[in-house]
Structure formats: structure tokens, C-alpha cells
There are 2 protein chains.
Amino acid sequence: MPERERGRRLTIADVAKHAGVSKGAVSFALNGRPGVAPATRQRILEVAEELGWTPSQAARGLSVKRAFALGLVIARDPVLLGSDPFFPAFIAGVETVMAERSHSLVLQVVRDAEEEAEGYRRLARDRRVDGVFLTDLRRRDPRLKLLDDLAIPAVTLNVPDEESPHPAARLDHEPGIAQAVDHLVAQGHTNLAHVAGPEEYVHGHGRREAFQKALERHGLPPGRVEAADFTAAGGREATQRLLNTTERPTAIVYANDLMAIAGMNVAQQLGIDVPGELSVTGYDDTELAAHIHPGLTTVRTNVFAWGQVAAHMLVSLVEGNVVADVELEPPELVVRGSTSTPSTRKGQRT
Amino acid sequence: MPERERGRRLTIADVAKHAGVSKGAVSFALNGRPGVAPATRQRILEVAEELGWTPSQAARGLSVKRAFALGLVIARDPVLLGSDPFFPAFIAGVETVMAERSHSLVLQVVRDAEEEAEGYRRLARDRRVDGVFLTDLRRRDPRLKLLDDLAIPAVTLNVPDEESPHPAARLDHEPGIAQAVDHLVAQGHTNLAHVAGPEEYVHGHGRREAFQKALERHGLPPGRVEAADFTAAGGREATQRLLNTTERPTAIVYANDLMAIAGMNVAQQLGIDVPGELSVTGYDDTELAAHIHPGLTTVRTNVFAWGQVAAHMLVSLVEGNVVADVELEPPELVVRGSTSTPSTRKGQRT
DNA sequence: TTGTAAGCGTTATCAA
DNA sequence: TTGATAACGCTTACAA
């Protein structure tokens, strides 16, 4: 027998030898399965603890055909991604449940849809992950079929616009936008506009629909909608288009904070007082929202909880359980200084 | 022989059988090693391609004792993390080099230093990663020793303040801050202040030092420094403290954009014209910087490239090579509307 | 140049 | 209840 090298990795065999049992017994003891006497189990666990041994995930995975990892592929321009508060909070939430189950998160950041598909394929082929999160759902999202073909379990964030075999962690946009509109209407606004996210995204589209639906509920005619792309630049331009009209709105509901902040700046730059002549609302409640002037009235969602729920679902799913959709608490409107009663509109035809 | 199940995973044995060779030959062919005839190699690769087979990373890893994954542990309040443009861009950069080498990135987001240490320990114990990135370096960072104890290869982002066994991917703060100060001094400012990040961070401390050093270089007395924490709230408060003095500065150099934007808003709220009565500069060049009014003069760093370089270094390191520090291109000052010649200072004693 | 067989560190199976 | 022993899918000596 070769002399044991000093730096050699500790294996289950070492633990077994020290405890005077077989490898199988150690495995059983560690995984808390019946078939090992309480006293023996206790001793085994003590030895493992003492030696500081933990099973190798690679070996474990090879045996049980699991990776003990979940995947997240993010397709977005890195620059834009940097100003999106969603992912960090989501990942942090995911993390809390994965950590306690010794799972880990494999992350990929790619630039476009093509690379994205390739990313999922790689994850599946290499058996790097047991399941994936599907975020930034698009309308008629091709990834639904792709993941089905790859036979890789998935949980979607919110509900796809077509039949989906994957369970969804739902946090509806509708109530948030509805609250924003309600708030503005209650203050006396009747001429509202919406700066929307891209129509191709389920959430972009959904918030737009929610906006119109809310107006309709109040008996107001459809509001003007300017399509944008969730970027500051896009929000800026959309706002300029909205404000360069004779019958300009007294309130703008933005699909996210970034566009709202950029838009608010445009208005101020044009000499339009916020909220005196123009009320604005955002969506996300980013950190800056509370610290600009005036503070941004916006919709706060619990993204952290969303991550936790989605992770729970996905872990359960990959363990072979049937998982139903889970609905999260509706978002909450945070009222700050950017919204108020519409003024006498002295500036309307400026 | 049992009938082959339909959904069974493709293995190297299948490829070997189809190609009429041994498993070993397939392995050699795939990993591009000598010892297999060109024609045979060609045939093997074709069969693999045709069957769509890729080696299982778990099995491969078990054999070669590698995880083919790199780790990143981020310790930060998720809320704050959401407004930090650094990580997404960094990760995107890392990703580009990992993808082409079939490595993957394991990410952990934790709340504090304690959880962070635990995260590294878990990663090491489970052999989940072959190496880690060390970001957000702190002064006298205890992780340096921890990683050394865990015997896990690491690359640090920038240079620790004490002896470090790990190679560093360097992107100095100094030139960026120096450029900002130079720019302001060139415009005639002599009373500059700095809103700093936390002293405990190497970059917080470093930018502060760089600020004073730049003033000294211009023969100016040390500037006033207000400590903050990189958050909008912190930037806001620090700015208030700076502006509530009789001899208030004509220019403020912020350690990041978030604080700068919040600070600019404070000034405007107090009726102080930016840049007329107060010039401000940021650091990061976040998306919003270009889309607020006035546009924020700020320091742009190529974080994406930083990620690429760090990933290259770490991959090389875990492959057993000796890796030297690498220095990235210095950051660049982006001049926008928030800086200008100091006015006659009519508002000084307001 | 090719095939055979022995690891890698688990879990699972099956006698004892 | 226990302890060999065989997978798991790959890499890699070593033999042919």
C-alpha cells in the first residue's frame, strides 16, 4: 500500500475506516436513511465531523445523476443589466434556499437570444444543472419548447402567453400598475400616458395592458402609450415625444424606474414642474427612487421573495415532485413626491 | 444485456461503439491528444457530433479532480447590489472566456462577511469550484488567509493592502480620480471636496487617497472628505453636510455615480445650480449618468474587460500555471454637463 | 496506433 | 443491520 499523501483529499473510505464501518454505512448515516443502528450512526457522524469530511459533489452527482445545481441564463446587454435591480435581488433570494440544501447556482450572462439558447444547450448537455429558471419571458417564447426538448426542468417567472409545461412563480404586474393608475386618478388626473417596455416581453406587454385596463375601469378613454425599451435613453426619448404634444398628459406611468427617472429629468429640463405640471410613477423602487428630487412614486415588488419561491419550486421539481404555480404577494405602491393633484395647467401650451 | 432505455443518457461508450473504437480512443480524440490516427480521430469526432454527445462534466471532474467551474461570492445587501453596475458587467466579461472553455460560473450572493466566509468554505469543501474571484477587497482582508488555508486558487481584483499570495487583475482607481481632479482644477476650481466610499474597502480608501494626492500634485491644500457608503442615501447625507458650511466647495468628486446623482439632486433641491455653483463628478459611468440633467461627468472603467482578464488569469492559475499580475487600461474621464468653470459664487453664503 | 483495465468518490444492490 | 461489490461516465496508465 502506497504511503498516504499528506494533501490527499479525504474520502468516504477514510471516514469508514476511522469509524470501523463500511462505506455504505457512512453513506446511509450521512443521508439519514434507515438501515444503520442509532449508535453506529452517531459515531459515524462524529467521525465525519471530526475529520471535516463532506461528500464530493462530483462523485455524488455521478452516482445519482444529479448536478445539485440550478442554472440561470441572463440574456441582456451587460450595460443595461447593470442598472437593473432585478437580478441581484432575485439571485440573493434564490441563494438563501439553495445554500441550505447544498445546491449551487450556475450563472450565465449572454448578449442575445441566440447565445442564450446555446447557453441552455450547454448547461443541459454538460449536465451542469438539474433545472433552470426562465426569466424575462418573451411572448411566444421559443425557450419553452427548447427546454422541453432538452428535457430540462424549469420554473418560469410569471406565466407565459401560451400553454406551458413548466410551473410558474407568479408576481403579477397588473396590481402594481393598477395601483399607480388608481392613485393618479384619485388625485384628479384624467389624461394619463404610459411609457412601456418592449412589447415582445411578457412583462412589457403585460404592464401596458394593465395600464389600459385600469383606465377603462375608471371609465377613462385609452391612454397614449409610447413604446420604449426599459433603458434610460429610451425613457428619455419616449418622454420627449409625449411632452411635445399640444394635449400633453398630466401624468405618466412608466414601466420601470430607470425610464421614469430619465423622463422626470427631461420634463424638468423642459421647465415642466414635477409634480406640479406633471406627475410621474415608476416601477421597481430602485434605490435612487427615494433619493432624487422629487422622490419617485413607484411600485415596489418583493423580488427577493420571488427568488426564494422560484428556487423552492425548482428544487422540488428536479426532485421529481409535481409542482403547481405559486402566486406571490401583490406589489405595493410607494407614494413619494413625484405625484400630486394636477395644477391649473398653465404650461399646457408652452 | 438489458434493452437500452430510450431516454438514457448518451455516454462515451456509445460513441466508441458507433465509431468502432475503444472508450480511450474517444477520450483521446476529443481532448486532442496524440496517440490516435488522424483518420480515426476524424471519424470519432464526426460520430460524436452526429450523436450530439458531450462529456459529462461530473464524470470528467471526478476523474481529473477538477470542477471546471469558478466561483464568485458577493457579500452585499441585495438592495444595494441592485444599483451597482459592477457585477453584471464583470460577470459578463468573465462569462465570455469561461464559455469557450466549457467552464461555468458558480455564484453566491450573501449578506455579510460571516456568510461570505461560509460561502467560500462550502465551495471549497464540496469541490464545487477550482478557483475563486476575490472582489470588493477590504483592507487587511481576512479572506486572503482563508483562501490560502482552504488551498483554493484565487485572483484578486486589484491589489490587497498587504502581502498576498494571489495574482491581481489591476485596474487602478488613481488615474480616474486624478483625471477628475485635473479636469476640475483646469476649470479653475480650488475648493474641492470628496464624498468617499467606506474606508474599510480598498477601493473606497484608494479613491480617497487618490483625491488628496491629486490635489497635492496641483499644490492645493488637502480637500474636505466626507465618508459615505456608496449608497444614494449616504451620498445624500454627505452632500448635505458639505453644503451646509459657509465655505462650501465649488466642486465635489464622488466615489461613485449613485452618490453623485443623489448628491446632485440635493444641491438642486437646495437651489444650488449645477454646474453653475457646484460641479460634480461621479465614478462608474452608470447608464443614468448620461440621461439626467445635467449629464454627469464621470469616470468610465472597462469592467467587462476586467472580467475577461480576471477569468483568463484564474483559469490559467487553476491549470497550474504561474500567473503574474495584469494591469488593465486606465479608466477614462467622460465629461458631461455637471462640471464647469466656477461662477462668481453669488450663492456662497445663502 | 489501439484496446484493456484501473481508478476517481459516491450511491445502490444484494447477499450474509 | 451490515459489508462487499457493482454501477455512474470519464481519464489515463499500461499492455498489446
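Computed over heavy atoms, backbone and side chain alike; hydrogens, waters and symmetry mates excluded. Proteins come first, then strands; the chains are lettered A, B, ... in the order of their sequence lines, and each starts at number 1.
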Measure from [atom1] on [X] to [atom2] on [N] and round the result to the nearest Å.
X        : N      : atom1 : atom2 : result
B/Arg41  : C/dT1  : CZ    : C1'   : 11 Å
B/Arg33  : C/dT2  : CZ    : P     : 15 Å
B/Asp14  : D/dC8  : CG    : C1'   : 14 Å
B/Gln57  : C/dC8  : CD    : C1'   : 15 Å
B/Leu62  : D/dC10 : CG    : P     : 12 Å
B/Arg66  : D/dG9  : CZ    : P     : 22 Å
A/Asp126 : D/dC10 : CG    : C1'   : 13 Å
A/Phe28  : D/dT2  : CZ    : P     : 11 Å

- Within 45° cone of B/Tyr120 ring axis and under 6.0 Å: B/Arg143 NZ or CZ: no
Within the structure, does a side-chain N or O atom of [X] lie under 4.0 Å from either OP1 or OP2 of [N]?
X        : N      : result
B/Arg127 : C/dG9  : no
B/Ser22  : C/dT4  : no
B/Arg60  : C/dC8  : no
A/Lys65  : C/dT10 : no
B/Thr40  : C/dT2  : yes

- Query: Looking only at N and O atoms, is any donor in the side chain of A/Ser63 or the base of C/dT10 less than 3.5 Å from an acceptor on the other one?
  - Reply: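 In this structure, the two groups form a donor-acceptor pair.
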- Query: What about B/Lys23, does its side chain sit under 3.5 Å from the base of C/dT4 through a donor-acceptor pair?
  - Reply: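 Flag unset: no donor-acceptor pair detected.
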- Neighbour count above 12 (heavy atom, 6.0 Å) for A/Glu162 CD: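 It does: A/Glu162 CD has more than 12 such atoms within range.
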- Task: Would you indicate whether A/Glu49, at its atom CD, is surrounded by more than 12 heavy atoms from other residues, nucleotides or ligands within a distance under 6.0 Å?
- Result: no
- Distance-only, no hydrogens or angles: does the B/Asp130 side chain make a donor-acceptor pair with backbone N or O of B/Ala67 under 3.5 Å? yes
- Query: Taking for each residue the nucleotide of DNA chain C with the nearest heavy atom, is it A/Trp53 or B/Pro38 whose nucleotide lies nearer the 5' end?
  - Reply: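 It is B/Pro38 whose nearest nucleotide is closer to the 5' end.
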- Message: Reading DNA chain C from 5' onward, which residue's closest nucleotide shows up sooner: A/Gly24 or B/Gly24?
- Response: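 Per heavy-atom nearest nucleotide, the more 5' residue is B/Gly24.
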- Begin from the C-alpha positions of B/Ser104 and A/Arg128 and carry the test side-chain hydrogen bond (donor to acceptor under 3.5 Å, both in side chains) through to its verdict. CA-CA 8 Å; B/Ser104 56; A/Arg128 267 282 175 41; 3.2 Å; yes
- Message: Does A/Ser56 reach a base, just sugar-phosphate, or nothing at all? Heavy atoms under 4.0 Å.
- Response: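 Counting heavy atoms under 4.0 Å across all strands, the contact made by A/Ser56 is with sugar-phosphate only.
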- Message: Once you apply a heavy-atom cut-off of 4.0 Å, does A/Ala37 come out as touching a base, just sugar-phosphate, or nothing?
- Response: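 Result for A/Ala37 = sugar-phosphate.
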